[in-house]
Amino acid sequence: MAQLPSAAVDFARFLAGLTARLDRRSGWLAVFLERDPDGMAACLAGSELPPWDVVDALLQDLAADQGAAAARTEAATARALHAAATAAHDGGPGAAAALARRLDVLLRERRYTAERLQELTAHRATATTEEAAAALDVDLAWAEDDHRRATARCAELRARADALAAPAPAPAPAAPERPAGQAKPKRRPRGGARFAGIAEEAAEPPGAAPVAPAPAAAVRGARFAGVAEPAGEPAPPRPGPEEARAAGGAVARLHALRAQGRGGEAHVLLAELAGWPAPRLPLLAAELHRAGLEADWATLLWEVAALPPAALVAAADALAAAGRGADARRLLRQGVARPAPEIADALHLLTGDGRDRQARALAGAYLAVRSPEDAAGVARSDPDRLVPLLLDAARGVSEERHWDLVHAFRVAGVLT
């Protein structure tokens with residue numbers, strides 16, 4: 001522990017003290033020790049940082065053992081120490097790449113838990129005996145917990161990755177990579193104006209209303225900022241009364257399932273809604289917020305983010321066209337957390353179908369949250385097609401990101 005950052009050491013000591021006050025044979029601590037003893041040992045040693053949901057579960061154990069007042073006292077300390085340890089872990093070399101790899105793993109885990117929920121829910125519906133139903137209810141409860149934790153951990157890692165994607169301005173590349181006499185560009189806010197002139201709000205809370213669009217002369221009707229609307233390209237079809245009724249009915253069913261405590265079936269319904277036609281997504285957003293189901297809207301966005309990239313871009317396009325630019329940006333940021341070959345395949349598909357604007361939107365979202373080195377991995381599969389596309393999209397993020405990408409491409413040998 002002596003070689004670890006002091007903040008990591010401080011949190012590990014706090015965690016050790018917390019677990020020492022708990023019964024290792026019961027509660028969440030017993031579950032974590034049984035399921036992942038090596039992981040818990042690494043967290044107690046300070047070499048790994050536990051997700052916040054684990055810390056929160058241990059605080060629940062403390063509340064059960066010693067009362068809510070004791071847990072509340074420790075919760076504030078736990079939050080502060082965990083935040084400091086997170087910053088220390090993410091401040092080391094290679095942190096961004098490590099977070100991206102871990103997020104890739106957790107997104108696959110989340111998809112697996114969603115599939116497991118669907119399977120168990122289907123089996124529960126056909127159970128023929130009380131004993132079988134009771135056993136499936138137990139399995140469903142654990143599957144729901146696994147899905148909730150995977151979802152929470154994806155969101156936590158995404159927030160950490162977003163924080164790393166907005167550092168202080170990096171040093172300018174060497175002189176040969178920026179034309180002589182060109183001043184270093186001012187750094188634009190990360191993610192600014194990627195959609196239809198809508199600037200990225202600082203510390204924008206989930207569900208916040210989008211800010212007013214830029215003047216029409218600057219926007220020119222483009223739904224993704226920095227991407228001109230090709231002449232004659234149709235806008236996403238506007239949903240009609242039938243779609244509105246379908247969205248209202250789906251949210252009513254979801255509300256009823258939540259009220260009855262049937263969480264497994266609610267998750268199955270959300271997974272089904274993610275596959276609906278893209279123009280219905282803004283309607284679902286409005287209905288979910290109207291029903292007070294904001295958490296389910298966040299879950300639905302995660303489900304949509306796991307769709308094939310072409311469907312993901314169509315969904316983001318529909319949200320942006322409906323004035324939900326913040327949700328569109330959030331969806332694309334979540335959706336590009338996948339391996340470079342999948343992004344390359346999606347860009348090939350979109351450009352091959354003539355959907356150049358959507359391809360640039362996907363590339364821009366990728367470049368806004370992933371490193372230039374990651375982008376070089378995307379371009380390596382087909383430099384002739386993807387290098388120009390990525391460089392063009394990088395200019396829509398910022399001039400500095402464009403030059404950083406030029407440098408990464410030259411280092412990777414995909415640009416001569």
Side-chain angles (χ1 to χ4, degrees), residues 1-91 99 102 106 109-110 113 137-160 163 203 205-207 258-259 261 263-264 266-267 292-296 298-299:
M1 289 177 62
Q3 297 179 354
L4 294 171
S6 60
V9 174
D10 291 343
F11 180 78
R13 287 173 176 163
F14 169 83
L15 190 66
L18 175 62
T19 55
R21 299 166 64 181
L22 302 175
D23 185 353
R24 300 171 69 90
R25 299 165 299 177
S26 64
W28 286 112
L29 178 57
V31 172
F32 297 145
L33 288 172
E34 179 182 354
R35 285 189 166 191
D36 189 9
D38 293 338
M40 281 299 297
C43 292
L44 291 169
S47 58
E48 290 288 340
L49 183 68
W52 176 253
D53 71 273
V54 171
V55 183
D56 186 60
L58 295 177
L59 291 169
Q60 293 175 35
D61 282 355
L62 184 66
D65 290 349
Q66 301 182 19
R72 282 195 299 269
T73 300
E74 296 295 344
T77 302
R79 272 290 186 192
L81 292 176
H82 190 268
T86 297
H89 276 275
D90 293 350
L99 285 175
R102 188 168 296 183
L106 270 173
E109 174 68 17
R110 188 180 178 282
T113 60
D137 285 340
V138 173
D139 290 342
L140 268 170
W142 281 112
E144 288 177 26
D145 183 74
D146 288 341
H147 188 67
R148 279 194 300 270
R149 291 187 186 279
T151 299
R153 292 172 189 181
C154 286
E156 184 177 342
L157 287 176
R158 179 74 273 157
R160 290 168 63 182
R258 291 298 188 198
H267 280 290
L293 298 174
E294 288 83 0
D296 282 319
T299 300

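Reckoned from all heavy atoms, side chains included, excluding hydrogens, waters and symmetry mates. Note that the structure is predicted; figures quoted are calculated from it, not measured.
- Taking every heavy atom of both residues into account, Leu58 and Leu22 meet most closely at O-CD1, 3.8 Å.
- Partner of Leu18 under the side-chain contact (heavy atoms from CB on, under 4.5 Å) criterion, out of Leu44, Thr77, Leu62: Leu62 alone.
- Going from atom CZ of Arg110 over to atom CZ of Arg148 covers 12.5 Å, rounded to the nearest 0.5 Å.
- When the shell of 6.0 Å around CZ of Arg102 is examined, it contains 12 or fewer heavy atoms from other residues, nucleotides or ligands.
- Qualifying ring-ring contact (aromatic ring centres under 6.0 Å, His included) partners for His82, counting only residues two or more places apart in sequence or in other chains: Phe11, Trp52.
- The two residues Ala63 and Ala71 have their closest heavy-atom pair at CB-CB, 3.7 Å.
- Going from atom NE2 of His147 over to atom CG of Leu140 covers 12.5 Å, rounded to the nearest 0.5 Å.
- Of the N and O atoms on the side chains of Thr19 and Arg24, not one donor lies less than 3.5 Å from an acceptor on the other residue.
- Residues Arg35 and Asp146 share a closest heavy-atom pair of NH1-OD1, 2.9 Å.
- The line from CG of Leu59 to CZ of Arg72 is 12.0 Å long, rounded to the nearest 0.5 Å.
- Minimum heavy-atom separation, Cys43 to Ala12: O-CB, 4.0 Å.
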Inset, instruction - With salt bridge (Lys or Arg N to Asp or Glu O under 4.0 Å) as the test, would you mind laying out the steps for Asp65 and Arg21 before giving the verdict? - result: CA-CA 9 Å; Asp65 290 349; Arg21 299 166 64 181; over 6 Å; no
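- A donor-acceptor contact shorter than 3.5 Å links the side chain of Asp61 to the backbone of Leu29.
- With rounding to the nearest 0.5 Å, the separation of CG in Leu106 from OG1 in Thr151 is 10.0 Å.
- Taking both residues in full, the closest heavy atoms of Arg149 and Val54 are given as NH1-N, 4.2 Å, listed atom of the first, atom of the second, then distance.
- Listed here is the closest heavy atom pair of Ser47 and His89: O-CE1, 3.8 Å.
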Inset, instruction - Kindly determine whether Gln66 and Thr73 satisfy side-chain contact (heavy atoms from CB on, under 4.5 Å), including the steps that lead there. - result: CA-CA 11 Å; Gln66 301 182 19; Thr73 300; over 6 Å; no
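- At a threshold of 4.5 Å between non-hydrogen side-chain atoms, the residues Leu49 and Arg160 count as touching.
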